Amino acid sequence: MSLRGRDGLGGRAAITGIGATEFSKDSGRSELRLAVEAVHAALADAGLTPADVDGMVTFTMDTSPEITVAQAAGIGELSFFSRIHYGGGAACATVQQAALAIATGVADVVVCYRAFNERSGRRFGSGVRHREPSAEGAALGWALPFGLLTPASWVAMAAQRYLHTYGLTPEAFGHVAVVDRKYAATNPAAYFHGRPITLADHAASRWIAEPLRLLDCCQETDGGQALVVTSVERARDLPHPPAVIAAAAQGAGRAQEQMTSFYRDDLTGLPETAVVARQLWRTSGLAPADIDVGILYDHFTPFVLMQLEEFGFCAPGEAPDFVAKERLPLNTHGGQLGEAYLHGMNGVAEAVRQIRGTAVNPVPGAERVLVTAGTGVPTSGLVLTADPQGRTRSTTGPPLHL
């Protein structure tokens with residue numbers, strides 16, 4: 001059973017620096033170099049140096065270990081280092097781990113990073129090729145022999161059930177793609193800068209795994225992204241307004257598998273996301289109506305719809321209309337469909353920019369941003385807010401528990 005009450009982490013730490021490489025299809029350099037470039041950029045943005053860092057967090061899938069990146073980046077001794085499992089589901093959990101270290105005094109300045117050549121090197125979208133025997137991999141044995149070999153094919157199973165249950169057509173997914181690409185079109189950092197799409201473009205794109213079309217699937221990217229986390233008190237003395245971590249959570253549902261949880265009672269939702277949602281709302285003291293911007297993990301468009309429903313922004317089956325009417329600004333950087341696929345870390349950076357007011361597609365007065373991580377796997381999420389001491393906007397919503 002997941003937590004039933006508010007946890008004590010909210011408001012104890014903040015994101016103070018963000019940095020990234022360019023996003024491309026062929027970086028021409030090693031994943032280690034991409035990681036170091038992103039770390040240096042994030043530290044410079046935070047007004048800190050490598051000598052200030054004493055903690056690092058990344059993904060288990062990363063090829064550049066914490067100690068190797070620390071050495072290459074000129075970082076000295078580390079008192080905290082950690083890795084989070086489950087691919088894109090780890091994105092927000094890297095920040096949670098950093099915040100936990102800060103709140104407990106284990107570290108003072110923690111860098112979270114993700115870097116890979118996911119287009120020119122190993123392409124995750126190509127699916128399962130070779131796996132060492134493991135208990136974790138055994139679950140795939142029930143799906144692989146029947147042709148379910150790729151992430152798109154795994155998601156297609158749930159996507160088809162969603163359409164059937166609510167009497168929808170694949171156009172329902174197209175609204176997510178159109179909104180993401182709209183924002184990417186005005187974002188110079190986005191791979192699809194200047195290239196918006198229409199629902200007709202979505203419908204004309206080729207099938208990948210029915211009912212998913214090409215434009216329902218995130219792109220593949222070479223690049224790196226890093227974030228710097230400190231205490232809120234220290235953040236107030238640094239160059240940029242802090243993005244306070246009002247809540248952070250991880251979640252795994254019953255009968256959870258990695259992308260192949262086909263034996264649950266219902267395929268039309270994401271129980272792991274529901275676990276995260278409950279804890280984020282409890283700890284932040286907020287509700288869906290209080291959120292100004294949503295940065296929702298968009299590896300595949302159907303799971304964006306299911307996330308909106310699990311978080312309570314709309315009722316089950318109503319998310320396509322919710323997105324079509326743009327009731328909440330979503331993925332204002334273009335998301336992984338439009339900007340870049342960095343396992344969600346670039347989404348966390350966009351949330352920080354919205355809080356700062358420096359986003360290329362700013363939402364006026366944005367002070368409360370929901371960020372999610374990869375779904376279909378054990379996942380994570382964040383609520384980032386403006387610093388209450390610097391808050392200028394009045395609100396009728398509940399007070400933040402900071």
Side-chain angles (χ1 to χ4, degrees), residues 15-50 53 56-59 61-64 66 69 72-73 75 88 90-92 94-95 98 109-121 180 183-184 186-193 218-229 238-240 243 293 295 297-299 331-362 369 371 373-374 382 384:
I15 300 175
T16 60
I18 55 176
T21 66
E22 83 288 355
F23 305 135
S24 73
K25 302 300 181 187
D26 187 358
S27 73
R29 49 205 195 276
S30 70
E31 293 181 336
L32 175 60
R33 181 170 176 179
L34 292 173
V36 171
E37 288 178 13
V39 169
H40 281 164
L43 288 170
D45 182 65
L48 297 170
T49 70
V53 178
M56 302 193 76
V57 187
T58 187
F59 295 52
M61 294 178 71
D62 206 297
T63 62
S64 301
E66 305 94 313
V69 173
I75 295 168
C92 297
T94 65
V95 177
V109 176
V110 182
V111 174
C112 309
Y113 67 92
R114 183 74 171 111
F116 51 37
N117 287 318
E118 198 274 330
R119 180 59 178 83
S120 65
D180 272 23
Y183 286 119
T186 54
N187 176 8
Y191 183 77
F192 286 109
H193 176 234
C218 69
Q219 58 183 306
E220 297 171 307
T221 301
D222 288 9
Q225 178 77 59
L227 315 163
V228 179
V229 181
L238 297 176
H240 297 291
V293 184
I295 307 296
Y297 198 94
D298 56 337
H299 48 343
N331 297 339
T332 48
H333 57 317
Q336 297 180 114
L337 293 170
E339 185 187 59
Y341 176 70
L342 262 297
H343 261 164
M345 294 293 272
N346 52 319
V348 181
E350 172 64 10
V352 174
R353 288 189 292 266
Q354 288 291 349
I355 295 294
R356 292 179 178 179
T358 60
V360 70
N361 296 308
V369 183
V371 191
L382 300 167
L384 301 182

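Throughout, residue positions are numbered sequentially from 1 according to the sequence presented. Here the structure is a predicted model, which means the values were calculated and not measured.
Asp45 places no side-chain N or O within 3.5 Å of a backbone atom of Gly19 that could act as its donor or acceptor partner. At distances below 3.5 Å, not a single donor-acceptor pair connects side-chain atoms of Asp222 with backbone N or O atoms of Ser24. Without hydrogens or angle criteria, His40 side chain to Ala73 main chain gives a donor-acceptor distance under 3.5 Å.
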Dump the intermediate steps for side-chain contact (heavy atoms from CB on, under 4.5 Å) on Leu48 and Leu238, then the final yes or no.
CA-CA 8 Å; Leu48 297 170; Leu238 297 176; 3.9 Å; yes

Should Glu66 and Tyr113 be marked as a side-chain contact (heavy atoms from CB on, under 4.5 Å) after you check the CA-CA gap, both sets of side-chain angles, and the distance that decides it?
CA-CA 9 Å; Glu66 305 94 313; Tyr113 67 92; 4.0 Å; yes

So Leu43 and Thr49, side-chain contact (heavy atoms from CB on, under 4.5 Å) or not? Walk me through it.
CA-CA 6 Å; Leu43 288 170; Thr49 70; over 6 Å; no

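Considering only residues two or more places apart in sequence or on other chains, Ala90 meets the side-chain contact (heavy atoms from CB on, under 4.5 Å) condition with Phe59, Ile84. Taking the side chain to side chain donor-acceptor pair (under 3.5 Å) definition, one finds that Thr58 meets it with Asp62, sequence neighbours left out. Taking Arg33 as the reference, Arg29, Ser30, Glu37 meet the side-chain contact (heavy atoms from CB on, under 4.5 Å) condition, with sequence neighbours excluded. Residues forming a side-chain contact (heavy atoms from CB on, under 4.5 Å) with Thr63 (at least two apart in sequence, or on another chain): Glu31. With sequence neighbours excluded, the residues forming a side-chain contact (heavy atoms from CB on, under 4.5 Å) with Thr186 are Asn361, listed by chain and number.
Within the structure, the salt bridge (charged side-chain N to carboxylate O under 4.0 Å, His left out) test picks out the following pairs touching residues 338-350 (sequence neighbours left out): Glu350-Arg353.
To the nearest 0.5 Å, the span separating NE2 on His240 from CD1 on Ile355 amounts to 14.5 Å. Here the CG-CZ distance, from Leu342 to Phe23, works out to 5.0 Å after rounding to the nearest 0.5 Å. Taking CG from Asp180 and OG1 from Thr332, the interatomic distance works out to 9.5 Å, rounded to the nearest 0.5 Å. The structure places CD of Gln225 at 14.0 Å from NE2 of His343, a figure rounded to the nearest 0.5 Å. The OG1 atom of Thr358 sits 6.0 Å away from the CD1 atom of Ile18 when rounded to the nearest 0.5 Å. In this structure, the separation between CG on Leu34 and CD on Glu22 is 7.0 Å, given to the nearest 0.5 Å.
Looking at Val228 and Val109, their side chains come closer than 4.5 Å, going by heavy atoms from C-beta outward.
A donor-acceptor pair shorter than 3.5 Å cannot be found between the side chains of His193 and Tyr191.
Counting all heavy atoms, side chain and backbone alike, His333 lies closest to Ala190 at O-CB, 4.3 Å. Nearest heavy atoms, Ala42 versus Ala226: CB-O, 3.7 Å. Residues Asn346 and Ala340 come closest through the heavy atom pair ND2-O, 2.9 Å. Closest approach of Val371 and Cys92 over heavy atoms only: O-SG, 3.7 Å. Among all heavy-atom pairs drawn from Asn117 and Ser27, the shortest one is OD1-OG, 2.6 Å. Across every non-hydrogen atom of Cys218 and Gln336, the tightest pair is CB-O, 3.7 Å.
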